[in-house]
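Shown next, in structure tokens, is the structure this report addresses.
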Number of protein chains: 2
Amino acid sequence: MAAKQAEVTLFPRYAQKPEKYQQWLSSIQERFQEHLGRRGLKLTHQREEILRCLMAAEKHLGVEEMYTILKKQDPLIGRATIFRTIKLLQECGLVAEVGVFQNGGAKFELKADRPHHDHMICVECGRIIEFQSPMMERFQDEAIKRHGFLALWHRHEIFGRCAACSKKRTGTP
Amino acid sequence: MAAKQAEVTLFPRYAQKPEKYQQWLSSIQERFQEHLGRRGLKLTHQREEILRCLMAAEKHLGVEEMYTILKKQDPLIGRATIFRTIKLLQECGLVAEVGVFQNGGAKFELKADRPHHDHMICVECGRIIEFQSPMMERFQDEAIKRHGFLALWHRHEIFGRCAACSKKRTGTP
DNA sequence: GCTAATATTGAGACTCATTCTCAATAGACT
DNA sequence: AGTCTATTGAGAATGAGTCTCAATATTAGC
């Protein structure tokens, strides 16, 4: 099941701690349930499956990819339900959007309490590299304060060529 | 003509120097012409008008807005031509896209040799605030290097409420 | 467990930005 | 001016995302 998709591993910090990882996943499901309860919404099989799909895939997923995966278990599932559920998951801070440039739609990732990070996106192979830079964050926050702005969310994506693709280019073209 | 659109002033550095400003505009037109020549493309009235439109509007413009403005002078102009020309202008680095979130399409701004900046976008009033942070840039570049990434362009947009809209909220709701 | 009240679902219609197609036209070079 | 192409506008096409609605599933109360 998790065969070829180890390209981007979202959860390295759990690599050696499977029980902690399971705990984390359960806590996410609980949080979703809470959010639904708070808003008088219902927990359906589809919603459970969609969240589970994002939890199982240790990479960034687009709606179309999720649709393909989910249809195997539930051939009747509809794209609209996936869109709707993702919106709910974003609302309660469990999922974040990684906007992808021209061509196919957005991708999503499990956010929960993962530390904040931004993305570098390879325009050649499509790989998404996550990176952290506390100093960068710090000066960003400083700029936000300086302008009296109230930040709700942000999008910081760097497009270019990843190390591997740059090398390929420099070698024999 | 330039009545209500002083909300975002893109060119404050030319406020006191109209002759310099004119020089700058001419240099932009030349650069566009050069780019077209280099690629064996032609300079048409439409292309000239579209660039002029972006130069005249001292704010970020969407395609639909440009279409409305341009139709006044050339009622036959087509949206497709605007899209095509913007693409050309982006290619040669004269225009940059400011992606705008869910709802209506992207906005564009004259880039040319303006210093690099990023954007804060007010989700309440739609205002786009430009900001610079050399330190932030510096640590971003550092992160890029650290990952052996070759950056081609980036997108850094902060969504939230501008100072004015935050104040409105805190007052009598 | 059953029922009522209500939220949810999937299918397909719809929207809206952007791109494509193609026949007519306009630049650029001679 | 004439020729060779690139360009144009109109409208069709695409594609992500949203909406509508009748059928269905979930939940709380019994």
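In this structure, the CZ atom of B/R38 is 18 Å from the P atom of D/dA6, given to the nearest Å. Distance B/K107 NZ to C/dA17 P: 11 Å, rounded to the nearest Å.
Listed pair B/K87 / C/dT18 fails the phosphate criterion, with no side-chain N or O lying under 4.0 Å from OP1 or OP2.
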- For nucleotides 8-15 of chain C, 5' to 3', base contacts (B), sugar-phosphate-only contacts (S) and non-contacts (-) with protein non-hydrogen atoms under 4.0 Å give SBBS----
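Side chains of A/H45 and A/D74: no donor on one and acceptor on the other come within 3.5 Å. Between B/E65 and B/H60, the side chains place no donor N or O within less than 3.5 Å of an acceptor N or O (distance only, hydrogens not considered). A donor and an acceptor atom, one from each side chain of B/E109 and B/H119, are located under 3.5 Å apart. A donor atom on one side chain and an acceptor atom on the other are not found under 3.5 Å apart for A/Q140 and A/H156. Side-chain contact of B/E30 with B/H35: a donor-acceptor pair under 3.5 Å is absent, judged by distance alone. Using modelled atom types, one finds no donor on one side chain facing an acceptor on the other under 3.5 Å when comparing B/E130 with A/H147.
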- Task: Output, in order, the C-alpha distance, side-chain angles, deciding distance and verdict of side chain to side chain contact (heavy atoms under 4.5 Å, CB included) for B/L110 and B/M55.
- Result: CA-CA 7 Å; B/L110 210 51; B/M55 296 195 302; 3.7 Å; yes
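Comparing the helix axis at one end of the helix from C/dG1-D/dC30 to C/dT30-D/dA1 with that at the other, each defined from 5 consecutive pairs, gives an inter-axis angle of 40° (nearest 10°).
One finds the CD1 atom of B/I121 at 12.0 Å from the SG atom of B/C162 (value rounded to the nearest 0.5 Å).
The side chain of B/F83 has C/dT18 as its nearest neighbour among D/dT18, D/dG17, C/dT18.
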